[in-house]
K.L.:
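Handing you this structure, nothing more for now.
FYI, side chains are in, hydrogens and waters are out, and symmetry mates aren't considered; it's all heavy atoms of this structure.
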Amino acid sequence: MPRAEAARQLPIVLQAQKITSQPDLQTVAEGQVEFRRAGLVIRAERITYDSPQDLARATGQVRVSRAGAVYTGPELQLQVQRFEGFFLQPEFEFRQLGAGGRAERIDFLDSARSRATRAEYTSCPRDGPAEPAWVLRTDSVRLDFDINEGVAEGAVLRFLGTPILALPTLSFPLSDARKSGWLPPTFSTDNRSGIELSMPYYWDIAPNRDATLTPRVITRRGLGLNSEFRYLSRTMEGAVQHEWLPNDRLAGRSREALMWAHEGKLAGDIRYSAKVVRVSDDDWWKDFPDVGRSLTARLLPLRLGMERPFGWAGGEGLIYARTLRWQVLQGSDSAVVSPYERSPQVGVRLGGQAAGWQYTLESEYNHFTLPSGEAARAGRLDGERWHALGSLSYPWREPGWWLVPRLSVNAASYSAAGRLFDPTGRASRVIPTASLDLGFEFERRTQAFGRALHQTLEPRLLYVHTPYRAQSQLPNYDAAAKDFNFVSIYTDNPFSGIDRVADAHQLTAGFTTRYVDASSGAEALRLGLVQRYLFSSQRVTAQADGTPDGEPLTQRFSDALLLASTSLLPRWTLDAAMQYSTDLQRSVRSVVGARYSPGPMRTVSTTYRLTRGLTEQLEVGWQWPLFGGAVPAQGGERAAAGAVAAGAGNCSRRTWYSVGRVNYSLKDARVTDSVLGLEYDAGCWIGRFVAERLSTGLSEATTKFMFQLELVGLSRIGSNPLQVLKDNIPGYRLLREERRSASPSDDRPSAAFYD
């Protein structure tokens, strides 16, 4: 049976105070009428239904509900199954968006298409004669849900009674799905480049491919173009970004940046990846700071790799080949010491267990070079290294305790010139390590702080013995001293990398105790203490600058590490960590933090960091309402988001928020990095103004100003500071939940595209 004919067989449910019917001809219902068929509901004072034509006529307080949309008005005429007809002087509401409007007339062309004449659209209150805070007015609007497109003609966007945007044609999507077209303009300003205006064009090439072209006008530098192409398939995914300034007036030359990230899979479980970041000149990172471009702003990577996992009897393995190169951005105020490049890096890793024994094995060859000019500047040499790392352990793990004896070996062979196995310039060493890791987990029930708790006591001992091997004459390509903390103190080597292994005859002892709420499982309090004892002096150490092979370490007892964290105080979280020198009898490094969060959009945090003789910093971050309407009550992320969304149609709830983070160097008596901003939530629109200051040198900084107007239910206009706020302010929450899209990724804006 055809779909249309089958749909006509669906039953009609009709309720009213009075019903008069001529079977198979006409039915008249009067008084609080409700007409239902499938997902369509019509309520009115009077409904006449012509059965042969499948035509319903409704008058008197007509209300139509269908697919999340609600229409109200004085008169409706509709062919029910085909959903064709018209609605006079309707008001409409899209409940999913929390927005709606009114029109002189809506013509329903079919179940997926409609046309509105003289329509207004807003998410602000529409009661009374006053104009909403923002409103989009159009001569006509055509909606087509089959192709996910709305087209408005003669569109004028008014904000606070002032036209801010007028376009002959405005195209926008009707859902979170993507659609080609112009995105809202963005603008920002900073102290280096001046004012920047961008107008992105989004191209929805296919469900798994898209591109964005963004022409830019920068007042001090000239014209530019940013482009991005993203792709996704069963076997690969990635994104390419390119930034281009053909004639930078300040620099007097053409400038550009390229970023490419790619992951893929070939037949036979072979995986490959690439990450490339390159810029045209050394000053790019100062003029266009972007923390998302690279983890280290002045060391830009080029990584290519291929690997294949495999399984074998009793274990799993991985064979891989990689290359790594760096672009080093040097500056006049300070030089950057580049790490070694690896071209190539080839290796294999194995791991597994058999009869209770656990084993790992890694063997790798590296050819180390330095970027052009770096070798002469640093006095370092290129070279080659083959290394092998292996370990064998037999762990005993039972409820309440564990014991893990382990034997490991670090072997390496070096060649500073020529091929690896050429006798000239070759050196090698083999360093074994034996360790014994013993731990206990005791638990008891207790009452404290006015609540039922579970207390744990977790002592741990780690014994390590590594014989001394002279290494000062060997190359150092990748070794560096680990940070001294609760994790690194329980490792058998204080160096990362391969090239340095410290001699050790030592015992590390420590404990952690936790108080856990018996009902919720939340940790209420944690205390910890750990210290290392040397049975003999350590001869392979690190100098103050982190370079291995420093002066021998004769201090028997290491600095003690202490930590504490608690959430016992309602709405407070307190953390502290300290490195205490038993010789100096004072702390040499400490971090103390406190965070107060009484509810959503209310958080204040502060962190104090001290490394004696080097740095002393104070960091303060916050998001806090200054004055205005009520803030959503406490009750979790989902409840807060729901409360905020509910206020989307209520512009009477108006609240100012202050947001920011400030890093202050007490040693230098200056602010290093900072983010300061204001957010204004008017219910149906949000305004944000954010200033970000990034240090680019001892006496240089880039200050950027961002302003954004978010029209709830329509779009965001201006530069987007949300990622800056989320990255920098601990506990920051969006005033509105972000709407997410589908592949290739979920960060593309999906509302208000312009043609």
Side-chain angles (χ1 to χ4, degrees), residues 391 393 395-398 400-406 408 433-444 454-466 480-496 500-516 523-538 540-542 546 550 552-568 573-593 607-614:
S391 70
S393 63
W396 285 280
R397 299 186 184 273
E398 299 293 339
W401 66 276
W402 77 84
L403 177 64
V404 183
R406 176 181 285 108
S408 58
T433 296
S435 66
L436 187 65
D437 191 359
L438 174 64
F440 298 90
E441 296 176 348
F442 303 109
E443 183 176 334
R444 66 167 186 151
H454 290 288
Q455 182 190 5
T456 67
L457 180 62
E458 305 164 31
R460 183 180 179 185
L461 298 171
L462 176 65
Y463 172 77
V464 178
H465 181 70
T466 303
K482 296 177 182 176
D483 182 46
F484 188 62
N485 54 43
F486 261 80
V487 176
S488 66
I489 198 172
Y490 282 111
T491 57
D492 54 13
N493 186 16
F495 297 106
S496 63
R500 292 296 182 269
V501 180
D503 55 310
H505 188 201
Q506 62 193 30
L507 178 68
T508 302
F511 77 91
T512 301
T513 182
R514 312 169 199 262
Y515 288 85
V516 179
E523 185 177 277
L525 177 66
R526 178 190 298 191
L527 301 172
L529 171 65
V530 64
Q531 193 172 24
R532 177 184 291 161
Y533 177 77
L534 297 183
F535 294 102
S536 60
S537 298
Q538 181 180 313
V540 181
T541 60
L553 179 62
T554 59
Q555 179 182 347
R556 290 293 180 223
F557 287 95
S558 72
D559 293 347
L561 295 175
L562 302 93
L563 69 79
S565 65
T566 180
S567 57
L568 286 171
T573 301
L574 307 176
D575 298 278
M578 177 187 298
Q579 179 180 337
Y580 182 82
S581 172
T582 54
D583 288 351
L584 301 177
Q585 295 187 352
R586 65 178 182 180
S587 68
V588 294
R589 191 172 61 162
S590 56
V591 178
V592 180
T607 304
Y608 172 78
R609 294 182 175 88
L610 170 67
T611 302
R612 198 171 298 278
L614 293 178

K.L.:
Can you sort out the partners of Asp583 under salt bridge (charged side-chain N to carboxylate O under 4.0 Å, His left out), two or more places apart, ordered by chain and number?
P.N.:
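Per chain and number, Asp583 pairs via salt bridge (charged side-chain N to carboxylate O under 4.0 Å, His left out) with no residue.
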
K.L.:
Would you please name every residue forming a side chain to side chain donor-acceptor pair (under 3.5 Å) with Asp437, sequence neighbours left out?
P.N.:
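Listed in chain order: Arg460.
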
K.L.:
Can you name the residues that form a side-chain contact (heavy atoms from CB on, under 4.5 Å) with Thr513, not counting sequence neighbours?
P.N.:
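By the side-chain contact (heavy atoms from CB on, under 4.5 Å) rule, Thr513 matches Gln455, Leu457, Phe511, Tyr515, Leu527.
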
K.L.:
Determine yes or no for a side-chain-to-main-chain donor-acceptor pair under 3.5 angstrom, with Asp483 supplying the side chain and Ser488 the backbone.
P.N.:
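No, Asp483 side chain to Ser488 backbone: no donor-acceptor pair under 3.5 Å.
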
K.L.:
Which residues pass the side-chain contact (heavy atoms from CB on, under 4.5 Å) test with Leu614, not counting sequence neighbours?
P.N.:
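Partners of Leu614 by the side-chain contact (heavy atoms from CB on, under 4.5 Å) criterion, ordered by chain and then number, come out as Thr611.
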
K.L.:
Any chance you could measure Phe557, atom CZ, to Leu534, atom CG, to the nearest 0.5 Å?
P.N.:
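One gets 9.5 Å once the value is rounded to the nearest 0.5 Å.
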
K.L.:
If you define the side chain from C-beta out and look only at heavy atoms, does anything of Val540 sit under 4.5 Å from Val501?
P.N.:
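The answer is no, as the side chains (C-beta and beyond) never meet within the 4.5 Å cut-off.
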
K.L.:
Any donor-acceptor pair under 3.5 Å linking the side chain of Asn493 with the backbone of Ala502?
P.N.:
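Indeed, once roles are kept as given, a pair shorter than 3.5 Å links the two residues.
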
K.L.:
With sequence neighbours left out, what residues match Tyr608 under ring-ring contact (aromatic ring centres under 6.0 Å, His included)?
P.N.:
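Tyr608: no ring-ring contact (aromatic ring centres under 6.0 Å, His included) contacts found.
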
K.L.:
Just verifying a value: how many Å separate Arg500 CZ and Thr541 OG1, rounded to the nearest 0.5 Å?
P.N.:
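Here the interatomic distance stands at 11.0 Å.
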
K.L.:
Under the ring-ring contact (aromatic ring centres under 6.0 Å, His included) test, which residues partner Trp401, sequence neighbours left out?
P.N.:
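Counting only residues at least two positions away or on another chain, Trp401 forms no ring-ring contact (aromatic ring centres under 6.0 Å, His included).
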
K.L.:
With sequence neighbours left out, what residues match Thr433 under side chain to side chain donor-acceptor pair (under 3.5 Å)?
P.N.:
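Checked Thr433 against side chain to side chain donor-acceptor pair (under 3.5 Å); matches are Thr466.
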
K.L.:
Is there any side-chain hydrogen bond (donor to acceptor under 3.5 Å, both in side chains) pair reaching into residues 554-566, and which pairs are they, with sequence neighbours excluded?
P.N.:
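Found Asp559-Gln579.
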
K.L.:
Pairs in or reaching into residues 523-533: which pass salt bridge (Lys or Arg N to Asp or Glu O under 4.0 Å), with residues at least two apart or in two chains?
P.N.:
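Listed once each, the pairs are Arg514-Glu523, Glu523-Arg526.
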
K.L.:
Measure the spacing between CG of Leu436 and OG of Ser393 and express it to the nearest 0.5 Å.
P.N.:
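The distance works out to 11.5 Å.
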
K.L.:
Which heavy atom in Leu507 sits nearest to a heavy atom in Leu461, and how many Å separate them?
P.N.:
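In this case the closest contact between Leu507 and Leu461 is CD1-CB, 4.4 Å.
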
K.L.:
Go through the structure and list residues passing side chain to side chain donor-acceptor pair (under 3.5 Å) with Tyr490, not counting sequence neighbours.
P.N.:
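Side chain to side chain donor-acceptor pair (under 3.5 Å) check on Tyr490 returns nothing, list empty.
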
K.L.:
I would like to know whether Val591 and Thr607 meet side chain to side chain contact (heavy atoms under 4.5 Å, CB included); could you show each step before the answer?
P.N.:
CA-CA 7 Å; Val591 178; Thr607 304; 3.9 Å; yes

K.L.:
Could you tell me the separation between the CZ atom of Arg612 and the CZ atom of Arg586, rounded to the nearest 0.5 Å?
P.N.:
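Between Arg612 CZ and Arg586 CZ, I get 4.5 Å after rounding to 0.5 Å.
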
K.L.:
Would you please name every residue forming a side chain to side chain donor-acceptor pair (under 3.5 Å) with Ser590, sequence neighbours left out?
P.N.:
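By the side chain to side chain donor-acceptor pair (under 3.5 Å) rule, Ser590 matches no residue at all.
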
K.L.:
With a 4.5 Å limit on heavy-atom distance, are the side chains of Phe484 and Ile489 in contact?
P.N.:
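SC-SC contact between Phe484 and Ile489 confirmed.
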
K.L.:
Which atom names give the shortest non-hydrogen contact between Leu562 and Tyr580, and what distance separates them?
P.N.:
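That would be CD1-CB, 4.1 Å.
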
K.L.:
Applying ring-ring contact (aromatic ring centres under 6.0 Å, His included), can you list everything that pairs with His505, at least two apart in sequence or on another chain?
P.N.:
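Checked His505 against ring-ring contact (aromatic ring centres under 6.0 Å, His included); matches are Tyr463, His465, Phe535.
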
K.L.:
Calculate, to the nearest 0.5 Å, the distance between atoms OG1 and CZ belonging to Thr456 and Phe442 respectively.
P.N.:
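Output value for this atom pair is 11.0 Å.
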
K.L.:
In Å and rounded to the nearest 0.5 Å, what is the CZ to OG distance from Arg589 to Ser581?
P.N.:
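Answer for the CZ-OG pair, Arg589 versus Ser581, is 13.0 Å.
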
